[in-house]
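Numbered from 1 within each chain, the chains take letters A, B, ... in sequence-line order.
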Amino acid sequence: MEADILNKNNVRTRFAPSPTGHLHIGGARTALFNWLFARHHGGVFVLRIEDTDTSRSTEQYIEAIIEGMKWLRLDWDEGPYRQTERFDIYKRYVDRLIDEGKAYYCYCSAEELEQRRKEALSHGRPPRYDGRCRDLKGPVPGRTPAVRFRMPEEGETIVDDLIRGRVVFENAQLDDLIIMRSDGTPTYNFTVVVDDADMAITHVIRGDDHLNNTPKQMHIYRALGCDVPLFAHLPMILGADKTRLSKRHGATSVMAYREMGYLPDALVNYLVRLGWSYGDQEVFSREELIEKFSLDNAGRSAAVFNPEKLLWLNSQYINKGTSEELAGYVMPFLLKGGIIQEGQSIDMGWLSKAIDTLKERSRSLLELAHSLRYYIAEDIEFDPKAKEKFLNEKSLPYFRTILDRLRALDRFEAAEIEKVFMGIIEKQGIKLGQIAQPVRVAVTGNSVSPGIFEVIEIVGKDKTLRRLERAIALIKSPII
RNA sequence: GUCCCCAUCGUCUAGCCUGGCCUAGGACAUCGCCCUUUCAAGGCGGUAACACGGGUUCGAAUCCCGUUGGGGACGCCA
């Protein structure tokens with residue numbers, strides 16, 4: 001059956017988030033798998049907003065989800081469809097099911113149901129609907145009914161999951177679920193079926209938490225006379241304590257990762273490896289992912305979200321990025337960090353050169369921006385420890401010498417600067433570290449930086465001389 | 001409580017379907033060494049896992065059963 005669908009080359013997948021929050025890590029992974037599957041098969045990827053819970057859905061979250069999708073570059077071919085715009089369609093199908101006796105009105109109130117559920121749970125019984133309105137002859141006066149779907153009471157339902165294999169459910173376990181609320185709005189388990197059928201979705205790839213809903217949905221498909229799509233249930237993403245990933249575990253919103261200086265490709269790469277692998281390969285370009293992605297090597301067990309590994313991957317991507325690209329990416333961070341001002345002009349060629357020295361030691365754009373400060377800003381801030389260790393009387397004579405020599409230097413380039421340093425250590429009979437470290441602190445404020453000669457070149461003659469002068473002044477009167 | 005899913009280093013995973021090539025491979029993290037003006041990056045090396053118990057088999061990480069552990073679902077949420 002699958003081969004059939006694939007041969008027709010009409011794979012259609014969808015991502016169907018509910019706009020009750022930002023796009024989170026788990027949702028993004030689901031979206032990614034659907035996107036990759038569609039792209040791999042040359043199919044269609046649909047975005048559908050499941051906003052039937054009008055009390056919890058907001059416009060703001062719809063925009064946030066779309067923003068997240070765009071940032072991750074998970075482009076969709078159709079949509080975003082919105083279920084709230086399709087209420088007439090669901091209504092039509094509900095009416096049809098009622099006419100055919102496949103659904104019925106339920107007059108139990110939400111409060112009564114809640115009461116019975118709690119009671120059942122406290123007595124250790126399955127909290128299922130007891131079916132009391134199933135065979136009602138007429139309406140109950142003074143009540144607005146909800147509509148329930150009539151599930152089969154015996155037999156079993158088989159889900160042939162693309163990832164889990166065959167999963168068997170006893171129909172006796174399924175209860176008659178509400179497909180339309182008493183206020184006339186349809187519910188998830190119904191709309192998802194109507195839409196997936198209507199939108200001709202061939203592969204439903206979603207979180208594990210939906211596996212139990214699948215048999216119920218299959219009965220709805222059949223009642224509607226529609227083809228049942230293929231299902232693939234992805235394992236959950238857990239936090240470090242092995243419980244479902246949530247805010248408690250730190251940032252879960254995709255946008256939070258953008259703000260922390262992650263590259264979208266790095267996040268995508270990290271996410272795809274949560275539940276999918278390709279031999280020993282860790283780093284994949286998008287093209288490779290599209291080419292290599294298959295549900296065959298999707299995993300079945302839950303994965304713990306590991307921020308450390310994501311950071312490492314991010315560093316890989318920052319390392320690989322060209323300095324020109326990185327210059328563009330880091331701009332918002334420089335602005336936000338007050339390192340450059342809005343409207344301030346900055347030489348992009350020069351910035352790229354500075355980034356070149358920093359990118360292999362930055363794991364995020366935030367770190368990159370932070371390091372860029374001493375290249376760009378007029379004044380530097382000293383790391384107290386570095387200052388104490390290296391800006392002292394002992395290095396004062398070296399500072400004076402280096403200041404004079406650099407002042408006299410015409411070609412202010414790394415190679416020339418190096419010659420100046422080498423000349424001094426030779427003459428004084430000292431090690432490079434004895435002079436390079438104090439200068440590093442004087443010029444960058446830190447005991448850590450890229451190679452000091454290139455740093456000096458990029459910082460430039462004026463600023464370097466000023467900083468050396470300031471260091472000398474500081475040593476002479478430490479109160480400043 | 002009922003149902004469903006899952007089970008290899010701390011973490012992500014390869015291997016499992018099609019038993020022997022596994023004295024279990026890779027990656028992150030961690031430790032050590034090398035490189036080195038510092039920090040990274042890089043290179044080299046180390047520590048570290050088949051949850052347990054029964055089967056089946058000449059042989060089991062791989063197949064079967066059970067136990068235990070973890071996760072999920074059971075909504076007029078999605």
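For residues 83-92 of chain A, proximity to RNA chain B is found at no residue, defined as any non-hydrogen atom under 4.0 angstrom from a strand atom.
For R248(A), the side-chain contact (heavy atoms from CB on, under 4.5 Å) partners at least two apart in sequence or on another chain are D241(A), T243(A), S246(A). Remark: R14(A) engages D196(A) in a salt bridge (charged side-chain N to carboxylate O under 4.0 Å, His left out) (not counting sequence neighbours). Judged as a salt bridge (charged side-chain N to carboxylate O under 4.0 Å, His left out), and not counting sequence neighbours, the contacts of E67(A) are R258(A). A search for side-chain hydrogen bond (donor to acceptor under 3.5 Å, both in side chains) contacts involving T30(A) returns nothing, not counting sequence neighbours. Applying the side-chain hydrogen bond (donor to acceptor under 3.5 Å, both in side chains) rule to K389(A) yields no partners; only residues at least two apart in sequence or on another chain are considered. Scored by the salt bridge (charged side-chain N to carboxylate O under 4.0 Å, His left out) test, R96(A) finds E100(A) as partners (sequence neighbours excluded). In this structure R373(A) satisfies the salt bridge (charged side-chain N to carboxylate O under 4.0 Å, His left out) test with no other residue, sequence neighbours excluded.
A centroid separation of less than 6.0 Å is found between the aromatic rings of F284(A) and W276(A). For H219(A) and F149(A), the ring centers sit 6.0 Å or farther from each other.
Within 4.0 Å of I435(A), counting heavy atoms only, lies no atom of the nucleic acid at all. Across all strands, C106(A) comes closer than 4.0 Å to no nucleic acid atom at all (heavy-atom distances). The residue S447(A) sits close to a base: some heavy atom pair falls under 4.0 Å. At the heavy-atom level, E360(A) lies under 4.0 Å from base atoms of the strands shown. If you check every strand for non-hydrogen atoms under 4.0 Å, R363(A) touches nothing. Residue N213(A) is classed as a base contact, given a heavy-atom separation below 4.0 Å to a base. S182(A) comes within contact range of at least one nucleobase, with a heavy-atom separation under 4.0 Å. Note on A110(A): a base of the nucleic acid sits closer than 4.0 angstrom, heavy atoms only. Among the atoms of the strands shown, base atoms are found under 4.0 Å from some heavy atom of S109(A). Nucleic acid contact class of L211(A) (heavy atoms, under 4.0 Å, all strands): sugar-phosphate only. Using a 4.0 Å heavy-atom criterion, one finds that S449(A) contacts the bases of the nucleic acid, with or without backbone contacts as well.
Between the side chains of Q281(A) and E288(A), at least one donor N or O lies within less than 3.5 Å of an accepting N or O. Side-chain atoms of H233(A) and D208(A) form no donor-acceptor pair, as typed in the model, at a separation below 3.5 Å.
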Between the protein and nucleotides 23-27 of chain B, list every N/O to N/O distance that falls short of 3.5 Å.
| from | atom 1 | to | atom 2 | distance (Å) |
| --- | --- | --- | --- | --- |
| G25(B) | N2 | D280(A) | OD1 | 3.0 |
| G26(B) | N2 | E282(A) | OE2 | 2.9 |
| A27(B) | O4' | E282(A) | OE2 | 3.3 |
| A27(B) | N3 | K309(A) | NZ | 3.4 |

Pairs under 3.5 Å (N/O, protein and nucleotides 33-37 of chain B):
| from | atom 1 | to | atom 2 | distance (Å) |
| --- | --- | --- | --- | --- |
| U37(B) | O2 | R440(A) | NH2 | 2.3 |

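Side-chain atoms of T52(A) lie closest to A78(B) of the nucleotides C12(B), C39(B), A78(B). When the nucleotides C6(B), G1(B), A78(B) are ranked by their closest atom to the side chain of Y188(A), A78(B) comes out on top. Listed nucleotides: C5(B), C16(B), C39(B). Nearest to the side chain of R361(A): C39(B). Closest to the side chain of H210(A), out of C5(B), G75(B), A78(B), is A78(B). Between G71(B), C5(B), A73(B), one nucleotide has an atom nearer to the side chain of M236(A) than all others, and that is G71(B). Closest approach to the N319(A) side chain among U11(B), A41(B), U13(B) is made by A41(B) (side chain taken as heavy atoms from C-beta onward). In the set C5(B), C74(B), C28(B), C5(B) carries the atom at the smallest distance from any side-chain atom of D208(A). Comparing C77(B), G1(B), U11(B) by their nearest atom to the side chain of V304(A) picks out U11(B).
The partner of C3(B) is G72(B), judged by Watson-Crick or G-U wobble contacts that both fall below 3.5 Å. A60(B) makes up no base pair with any nucleotide shown, lacking Watson-Crick or G-U wobble contacts both under 3.5 Å. Pair assignment for A78(B) gives none, since no Watson-Crick or G-U wobble pairing has each distance under 3.5 Å. With both pairing distances under 3.5 Å, A51(B) is matched to U67(B) as a Watson-Crick or G-U wobble pair. The partner of C33(B) is G43(B), judged by Watson-Crick or G-U wobble contacts that both fall below 3.5 Å.
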task = Test ring-ring contact (aromatic ring centres under 6.0 Å, His included) on F293(A) and F33(A) and set out the steps.
result = CA-CA 8 Å; F293(A) 187 79; F33(A) 275 45; 5.2 Å; yes

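A ring-ring contact (aromatic ring centres under 6.0 Å, His included) check over residues 418-442 of chain A, counting only residues at least two apart or in different chains, returns the pairs F421(A)-F453(A).
Nucleotides U13(B) and U56(B), compared at atom C1', are 29 Å apart to the nearest Å. Straight-line distance between the P atoms of C12(B) and A7(B): roughly 12 Å, to the nearest whole Å.
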Review item, side-chain donor-acceptor pairs of residues 439-452 of chain A, under 3.5 Å, at least two apart:
| from | atom 1 | to | atom 2 | distance (Å) |
| --- | --- | --- | --- | --- |
| R440(A) | NE | Q437(A) | OE1 | 2.7 |
| R440(A) | NH1 | S449(A) | O | 3.4 |
| R440(A) | NH1 | S449(A) | OG | 2.7 |
| R440(A) | NH1 | P450(A) | O | 3.0 |
| R440(A) | NH2 | Q437(A) | OE1 | 3.4 |
| T444(A) | OG1 | R440(A) | O | 2.8 |
| T444(A) | OG1 | N446(A) | N | 3.1 |
| T444(A) | OG1 | N446(A) | O | 3.2 |

